[in-house]
Asks: 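Handing you this structure, nothing more for now.
Numbering starts at 1 and runs along the sequence shown. Every number for a ligand or one of its atoms is a count from 1 in the order of the listing. Heavy atoms only: backbone and side chains are in, while hydrogens, waters and symmetry mates are out.
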Amino acid sequence: MASSRLKYLSLGVLVFQTTSLVLTMRYSRTLQAEGPRYLASSAVVVAEVIKILTCVLLVFKEHSDVLRQEIMHKPIETLKLAIPSGIYTLQNNLLYVALSNLDAATYQVTYQLKILTTALFSVSMLGRRLGVYQWLSLLILMGGVALVQVQYSFLSWPSEPTAAPEEDAPSAGSQFVGVAAVLVACFSSGFAGVYFEKILKESKQSVWVRNIQLGLFGLVFGLFGMVAYDGERVRESGMFQGYNTVTCSVVALQALGGLVIAAVIKYADNILKGFATSLSIILSTLISYFWLQDFDPTGVFFLGAVLVIAATFLYGYEGRPSPNPSRA
Ligand code: C5P
């Protein structure tokens, strides 16, 4: 079936995209120790522009009047996207606060709670039903990714590598602020993702039109953020200061990520997206180990990896239709 092909294709591309992004960011950390650093707020804006332009091209291929018909003439439908877009912006900023107050491992481990919040919102907002094995598999997935992340923690978009105070142990007060920020981000991640899924699955508009609507708000919020955080620096040295080839790759991969995430939410769902990104973390550690040789896994890591893989099978196990009783 075509929709089932698109489902696995989009999940596969998401695994590929997340793995490449993780590895590129890991690589850029070692490479970018010296010299001027790029502005994370500017990278967010550029990624948003690339996403919008790509979607405009995709939509234009179908028919050229669609932008006027679907976006400008339907302000209420367009305005609906301000909600997930605003929440995603809030989330990206919360994660920035979190990373400034927590070490990367604590941050990553705590952020895995979004797997559960996503499931809770999918059940309450979309009426999805999960069996006992599926809930269990989500708990195992969460634990597994957390164990993997204890060792293989990387700094996540859009925070700057300098944000994590790796030398100074964070104080109890800032730890609290950091954990609180991650916890709110977990809820916003779950809510924004599921809200976007609801919009995509309940209307006939194409995923690319929806993404343009989301991106337009994202661009406005992103520009606002860039002026608020880095206005002074942008005036001094421009918004492209510190950009190099690796930065451009990160920005391009981030833009691709937005497109793929939209496709995954449309053709698969937010819960499966969690499995795909978890598996890609394992894949990137394998590549780190065999190719980059900058990672030496421990027993805790292996346990985490086994749990993630087991959880993936367990989730799919109950998803299969039960055998036909008439043939028994
Ligand atoms: O952590 P989480 O999975 O919630 O992050 C989703 C990310 O994907 C956010 O940074 C959000 O800005 C981005 N996104 C996007 N386009 C979409 C949906 C999400 O760029 N259509």
Asks: At a 4.0 Å threshold, what atoms of ligand 1 neighbour a non-hydrogen atom of Y111?
Replies: 1 (O), 2 (P), 4 (O)

Asks: Any chance the side chains of N93 and Y229 put a donor and an acceptor closer than 3.5 Å?
Replies: yes

Asks: Write down the atom of Q175, the atom of T106, and the distance for their closest heavy-atom approach.
Replies: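 That would be OE1-CG2, 4.5 Å.
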
Asks: For Y195 and F191, I'd like to know if the aromatic rings sit close, meaning centre-to-centre distance below 6.0 Å.
Replies: yes

Asks: Near L214, which atoms of ligand 1 are under 4.0 Å from a heavy atom of that residue?
Replies: 16 (N), 17 (C), 21 (N)

Asks: Centroid separation under 6.0 Å, is that true for the rings of F240 and Y243?
Replies: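 Yes.
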
Asks: Does K273 come within less than 4.0 angstrom of ligand 1, counting non-hydrogen atoms of the residue?
Replies: yes

Asks: Under 4.0 Å, heavy atoms only, figure out whether ligand 1 is touched by the backbone of N211, its side chain, both or neither.
Replies: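 Side chain only.
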
Asks: Pull out every atom of ligand 1 sitting under 4.0 Å from any heavy atom of S189, numbered as shown with elements.
Replies: 1 (O), 2 (P), 4 (O)

Asks: Does an N or O from Y88, backbone or side chain, lie closer than 3.5 Å to an N or O of ligand 1?
Replies: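 Y88 vs ligand 1: no N/O contact under 3.5 Å.
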
Asks: Can you check whether Q254 has an N/O within less than 3.5 Å of an N/O in ligand 1?
Replies: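 No: no nitrogen or oxygen of Q254 is under 3.5 Å from one in ligand 1.
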
Asks: What do we get for L259 next to ligand 1 when only non-hydrogen atoms under 4.0 Å count, side chain, backbone, both or neither?
Replies: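 Looking at L259 and ligand 1, no heavy atom falls under 4.0 Å.
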
Asks: State whether K51 and E48 are salt-bridged, where the test is any N-O pair (Lys NZ or Arg NE/NH1/NH2 against Asp/Glu carboxylate O) under 4.0 Å.
Replies: yes

Asks: Using a strict threshold of under 4.0 Å (side-chain N to carboxylate O), is an ion pair present between E202 and K80?
Replies: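 Salt bridge between K80 and E202, a charged N being under 4.0 Å from a carboxylate O: no.
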
Asks: Hey, are R128 and E197 close enough for a salt bridge, meaning a charged N less than 4.0 Å from a carboxylate O?
Replies: yes

Asks: Which ligand 1 atoms are under 4.0 Å away from a heavy-atom of I261?
Replies: 8 (O), 18 (C), 19 (C)

Asks: Heavy-atom contacts with K51 under 4.0 Å: which atoms of ligand 1 show up? List them by number with element.
Replies: 15 (C), 16 (N), 20 (O)

Asks: Does ligand 1 have a heavy atom under 4.0 Å from the side chain of T277, from its backbone, from both, or from neither?
Replies: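 For T277, there is no contact with ligand 1 at all, from either part.
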
Asks: Check A263 against V207 and note the closest heavy-atom contact, atom names and distance.
Replies: N-CG2, 4.4 Å

Asks: Once you restrict to heavy atoms under 4.0 Å, what part of R210 touches ligand 1? Side chain, backbone, both or neither.
Replies: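 For R210, no heavy atom sits under 4.0 Å from ligand 1.
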
